[in-house]
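Read through the structure below, which is laid out as structure tokens, and then see the notes.
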Amino acid sequence: MSSPEQWTHPEPGEGPAALAAQPSREQVIAGLRATSEGGAELTQLLTPEGERVASPQFDRYVEDVDAEALRGLYRDMVIVRRADRESNAMQRQGQLGIWVPLLGQEAAQIGSGRALKPQDMAFPSYREHGVAYARGVDFRELLGIFRCTDHGGWDFRAHGFHPYTIVIGNQVLNAAGYAMGQRFEGKVGDDDGEASIVYFGDGATSQGDVHEGFVWAAVYDAPLVFFCQNNQWAISEPTERQSRLPLYQRARGYGFPGIRVDGNDVLACLAVTRWALDECRHGNGPVLIEAFTYRMDAHTTTDDPTRYRLSDELEAWKLKDPIERVRAYLARNGLADQSFFEGIQAEADAFAAELREFTFNMPEPPPDRVFSNVYAEPSPVLEAQREEYLSYLDGFAAAGER
């Protein structure tokens, strides 16, 4: 279990530094019982109990979020969670080769995804189904990746959402290069400027690609938001095995600001990401956001989290559910009634049924599709390979006819 105490360096005489990174039993229990997980510097606008918290710095970034907009954020999270659960079930039924759950991270993804403007670009890893939804990508396009029929067929320029990246941390380099291009082309400097955001997990912060991205973005003042979803577990390794300090504090070493936000608070994620994107689009350089959240399910459907984490930890984080806190706020303030919540759930169930119907009847792609969109312009070498491959397949068909 990650807690702020175990990230601090020891004071002189307190013991060897190597032992300070190991949480004691008391620290683990204190972390489980904490009412505000993430430490004193956690930015939060909506508590787990659904109470609004004032923030002199960030309230102005959500002034436009009225009751209707907040109901919309609730709807987004419910639909995305339902689609995630349906996709997880379809993998268990053999309809998808693998699935990467986002359960518990809906607020971080919807909040940050809705903060983006049309001209911005998002670079995901492989878990950002909520961001894809927020950027208008058809959820069915995602399923083809996990059914192994394609690599993602959406128009990434039209949606401002780059294809998924499977290699851990590689998308950070791609994003840094893209954001440097935005800077070189003079697309920053005012409210209408461009910015980019790149998503990665706490485990990816140990990858060299991430650190290289930090360096290049910093020295070139690239308009890039580094959005780290710290879900506490890098597959089976806890965060304290990744860093001696809170992850957001790493930004200081590269010369740009870092901030920790409650990743289960959709309102705070929206506000902080809007602030960070504004910093970038006005030419002030990159920003690191650490969204302090929790992965409620397995790393992927090939993983068994019961082998490395305690059930008490999971139960504690259920009390911080990102959807339930919005529901509580809406209900407590008379902004939504039971019929609204039931209607959203029915809409989510219908959406999941459509995904299931599509997946079960997903057409197999033609064999020559693997050669499509490899290069921007036709390639004689690739065309020769295509013809050779198709001729090879035709040979099997001819043999079967004899």
Side-chain angles (χ1 to χ4, degrees), residues 34-38 42-55 58-59 61-89 101-115 127-134 139 229 231-232 261-274 291-297 313-353 355:
T35 58
S36 181
E37 187 69 48
L42 184 77
T43 299
Q44 186 180 80
L45 299 182
L46 203 60
T47 70
E49 294 76 27
E51 298 176 348
R52 183 71 164 85
V53 179
S55 170
F58 293 108
D59 278 348
Y61 288 97
V62 289
E63 287 178 342
D64 62 324
V65 181
D66 55 13
E68 182 180 358
L70 193 57
R71 287 193 294 265
L73 293 172
Y74 175 84
R75 172 184 177 274
D76 288 343
M77 291 192 292
V78 171
I79 287 178
V80 166
R81 174 174 292 187
R82 185 65 182 86
D84 172 75
R85 295 297 80 200
E86 192 67 30
S87 300
N88 203 81
L102 62 72
L103 185 65
Q105 298 179 220
E106 296 87 358
Q109 296 193 14
I110 293 299
S112 62
R114 290 301 185 195
R127 199 186 302 275
E128 280 66 55
H129 321 314
V131 183
Y133 179 83
F139 210 95
Q229 293 179 85
N231 62 22
Q232 312 303 310
V261 64
D262 185 343
N264 286 16
D265 178 353
V266 69
L267 207 56
C269 288
L270 176 65
V272 169
T273 307
R274 281 178 169 177
F292 201 82
T293 182
Y294 191 78
R295 166 169 58 81
M296 301 291 287
D297 202 347
E313 178 180 325
L314 178 62
E315 292 303 314
W317 275 93
K318 285 182 179 180
L319 301 177
K320 304 177 180 70
D321 187 282
I323 295 178
E324 289 304 314
R325 69 177 65 184
V326 180
R327 181 187 178 106
Y329 179 85
L330 290 172
R332 177 180 291 115
N333 292 278
L335 303 178
D337 56 17
Q338 187 61 29
S339 63
F340 167 78
F341 296 121
E342 291 176 356
I344 294 298
Q345 189 59 55
E347 183 182 356
D349 290 340
F351 184 69
L355 293 180

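- Across all their heavy atoms, A336 and R71 have their closest contact at CB-CD, 4.3 Å.
- Closest non-hydrogen pair, A328 versus E49, comes out as CB-O, 3.8 Å.
- What you find for L267 and L45 is that their closest heavy atoms are O-CD1, 3.8 Å.
- With a 4.5 Å cut-off on side-chain heavy atoms, L270 and Y61 do not count as touching.
- You'll find the side chain of D337 reaches within 4.5 Å of the side chain of F340, heavy atoms only.
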Check: Are T293 and N264 close enough, and set up right, to give a side-chain hydrogen bond (donor to acceptor under 3.5 Å, both in side chains), and what steps lead you there?
Finding: CA-CA 6 Å; T293 182; N264 286 16; 2.6 Å; yes

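- Between the side chain of N333 and the main chain of L335, no donor-acceptor pair closer than 3.5 Å is present.
- No donor-acceptor distance shorter than 3.5 angstrom exists from the side chain of E128 to the backbone of G113, with no hydrogens or angles considered.
- Judged by distance alone, the side chain of Q44 and the main-chain N or O of V261 form no donor-acceptor pair under 3.5 Å.
- Taking both residues in full, the closest heavy atoms of L319 and P48 are given as O-CB, 3.7 Å, listed atom of the first, atom of the second, then distance.
- In this structure, the side chains of L330 and F341 come closer than 4.5 Å at one or more pairs of heavy atoms.
- Heavy-atom neighbours of Q338 CD from other residues, nucleotides or ligands within 6.0 Å: above the threshold of 12.
- Residues L102 and V80 meet the side-chain proximity criterion, which asks for heavy atoms closer than 4.5 Å.
- Here the side chains of K320 and Y294 are not in contact, with every heavy-atom distance at 4.5 Å or above.
- Between N88 and P101, some side-chain heavy-atom pair lies under the 4.5 Å cut-off.
- Considering only heavy atoms from C-beta on, R52 comes within 4.5 Å of D59 through its side chain.
- Remark: R82 fails to qualify as a cation-pi partner of F351 under the 6.0 Å distance and 45° angle criteria applied to the six-membered ring.
- Although no hydrogens or angles enter the test, the distance criterion places a donor-acceptor pair under 3.5 Å between the side chain of E106 and the main chain of G104.
- For I110 against L73, the heavy-atom pair with the smallest separation is CG2-CD2, 4.0 Å.
- Residues A134 and R114 share a closest heavy-atom pair of O-NH1, 3.1 Å.
- Between R274 and D64 there is a side-chain heavy-atom pair separated by less than 4.5 Å.
- Relative ring orientation between W317 and F292 is described as tilted, the plane-to-plane angle lying within the 30° to 60° band.
- R332 places a side-chain N or O within 3.5 Å of a backbone atom of G50 that can act as its donor or acceptor partner.
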